[in-house]
2 protein chains.
Amino acid sequence: MKGRDGRADGAREPTVPASNAGRRPTMEDVAARVGVSRALVSVVFRGAPGASARTRERVLAAAEEIGYRPDLAARTLASSRSRVLGVMLTLHNTFHADLVEAMYAEAEEVGYDLVLSAHAPTRHSEKAVGALLGHRCDALVLLGPETGAHFLADLVERVPVVSVGRRFPGTRVDTVTTAEGPAVRQALNHLRDLGHRDIAHLDGGGGAGSDERRRSYRDWMRRVGLADHVRVLPGDHTEASGAEAAHRLLAGGRVPTALFAGNDRSAIGFLDAITRAGVRVPEDISLVGYDDIPLAGLAHIQLTTVRQDSAGLAREAVRLAIERLEKPSPAPRSSVLEPELVVRGTTAAPRAGGND
Amino acid sequence: MKGRDGRADGAREPTVPASNAGRRPTMEDVAARVGVSRALVSVVFRGAPGASARTRERVLAAAEEIGYRPDLAARTLASSRSRVLGVMLTLHNTFHADLVEAMYAEAEEVGYDLVLSAHAPTRHSEKAVGALLGHRCDALVLLGPETGAHFLADLVERVPVVSVGRRFPGTRVDTVTTAEGPAVRQALNHLRDLGHRDIAHLDGGGGAGSDERRRSYRDWMRRVGLADHVRVLPGDHTEASGAEAAHRLLAGGRVPTALFAGNDRSAIGFLDAITRAGVRVPEDISLVGYDDIPLAGLAHIQLTTVRQDSAGLAREAVRLAIERLEKPSPAPRSSVLEPELVVRGTTAAPRAGGND
DNA sequence: GTGAAAGCGCTAACAG
DNA sequence: CTGTTAGCGCTTTCAC
């Protein structure tokens, strides 16, 4: 009575009668149990009008009892709309984790489900997107996509696409981004207010938003008369690149009094490496990140950073996707959210004798 | 000619003839293009025998041209098997990210696809699992599930379930874990070999593997005659709990010469907090983590840790799931993988005058 | 509120 | 290798 499921010990599993074991309950089963038609059950589960409150209750209760869940595959096949949003993300990016969590809440509110597909070094975006397409998602939300504009331009002909964090001018891709210009300016103004002039930028390479951040940095430096202090250190959006930049900076001799990093991951890599090399932050060098990932707020990291409104980005991404589904508009839309500088412990007045 | 899709500018989109815009290509379309039957196309896409190599090529080529992908919903509905594995993970856990990446590769090899569903503070495991069920996954792989054994016992009656990192004795859930006992002993032996006696353990709370690690720590301490040094600091598997533990330790006055943390996240939180408080690692205190997450190997974190074989865990998880699908065996199986101590920079001989 | 009927895109089994 | 025939579980439409 241990290997196979004993009929006798039914006390523990009211939801799965042994007789049904193996077969997934269908709408038919629910209908039979309540004594109504299958069509009515369908109405109830779609939330469509045409069933009394009492019927709804009874149907839902019966479904619960026998452990029925609507079969997405069947529903999708029949309705041509799956009510599923496909999300492509980078698993190692905890900012994406924040975004997705918020999107779950947002999507649920409008009756949508999310399916996640990861982009990774061993799994190209094309493959991740392909999987989403196979699942017949109604629309795609791509987080910081690093695909070519060409690929996206083709993709968006087949399914609504919204890109978070990266713009694709010239395509019909909807985008939701943080206002990069203001974000960068807030960070740099903060440093200048503290007295910094020798401010370097740790580049984000091919990462989402990098181009805009780099450009905004250069513009700002020129505008405030610090053109000769412009220094862009090569990097990308990983911790390793931050640590490497610290090394190179130390080896090169000329250390700026402040560094504006392309994102929090690289900032944290930099912070760690430079600290262990004996350079104090913020006493010897100030550091500003970008994103405000969970790690940044840790009691003793306390990274000053530009916070992206992840909840807002998530909300807008879902909203844009759904809206385009409901009433397709020809022109691409974009939603831009305001950033917020979060001043914590990695920024302070420049050290005496900085390279001014 | 900019809003709606101009028929004329077809040069850029050979894959999506304007005439078909909006409609997703079907098997029928592919068949018609090649001049074969729909059934043959099906054979080709299932990799079933019955089509010549040349036909396969032509079919695949035609599919590529018109941008055809098999519709998972339809396939699932028709075949009762979806060839999709559902994976529940915690998005903020980068160890899970490693696991999932490896699982993608593993699953692809055996012709399976993965669908991801996240467990998060605002999204209970039950909901995450429910979504997976709705997608009709053939089997479920749960990463470090924190669900009740009761829930899982019910779940496994409906679908094959494999749990990674946590055992569920008494249920039919298959499990794949790291050999916790040996792992803990390797870490502690290393510390003892360095000369440590005052070794504390930062607990993992409700996290996967915590019970075994705590127990193994206690056992080992007793066995080597350090019973009176046993100290378990409360915590969980987050960075914040590590930082908090550092605070309490400092406030408490009696700082051990070494700390064995429940996982890397808490170890890194601890490392950061204690370092900034002026305590040097490893000169003043040695630190060992658990998992070997990507951050641990960062040039300047260099956390000594017990490496879990993420690729191996992933491989076994997929293998167990698939095997149970092919030939259901009544008894639950479990696969235990060997850990590997990775000695990096956070461990050294104890400071002079440690609380011996 | 009900029941019947058609069909979503595919698989599976079979006779040719 | 081809073509046919049934469904898979649901939505949708329509008359009742």
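Protein chains get the first letters and strands the later ones, always in sequence-line order, with residue 1 at the start of each. Side chains included, hydrogens not; waters and symmetry mates left out as well; all remaining heavy atoms used.
- Nucleotide dC10(C) holds its P atom 17 Å from the CZ atom of R83(B), rounded to whole Å.
- The side chain of R46(A) places no N or O atom within less than 4.0 Å of a non-bridging phosphate oxygen (OP1 or OP2) of dC10(D).
- In the model, R123(A) has a side-chain atom that pairs as donor or acceptor with a side-chain atom of S117(A) under 3.5 Å.
- Between S42(A) and dC10(D) there is no side-chain N or O to OP1 or OP2 distance below 4.0 Å.
- Within the 4.0 angstrom heavy-atom criterion, no nucleotide atom of any strand lies near V43(A).
- Protein atom CZ of R81(A) is 15 Å distant from nucleotide atom C1' of dT12(D), rounded to whole Å.
- Checked against ring-ring contact (aromatic ring centres under 6.0 Å, His included), F45(A) has the following partners two or more places apart in sequence or in another chain: Y68(A).
- Between R136(B) and S80(B), the closest heavy-atom pair is NH1-CA, 4.0 Å.
- Shown here for Y112(B) and L325(B), the closest heavy-atom pair between the two residues is OH-CD1, 3.6 Å.
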Where do N or O atoms of nucleotides 6-9 of chain C meet protein N or O atoms at under 3.5 Å, pair by pair?
{"residue": "dC8(C)", "atom": "O2", "partner": "L77(A)", "partner atom": "O", "Å": "3.0"}
{"residue": "dC8(C)", "atom": "O2", "partner": "A78(A)", "partner atom": "N", "Å": "3.0"}
{"residue": "dG9(C)", "atom": "N2", "partner": "A74(B)", "partner atom": "O", "Å": "3.2"}

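- Between R33(A) and E65(A) there is a salt bridge, with a side-chain nitrogen of the basic residue lying less than 4.0 Å from a carboxylate oxygen of the acidic one.
- In this structure, CG of L40(B) is placed 15 Å from P of dA12(C), rounded to the nearest angstrom.
- We find that CD of E28(B) is positioned 11 Å from C1' of dC10(C), with the value rounded to whole Å.
- Taking CZ from F168(B) and OG1 from T175(B), the interatomic distance works out to 9.5 Å, rounded to the nearest 0.5 Å.
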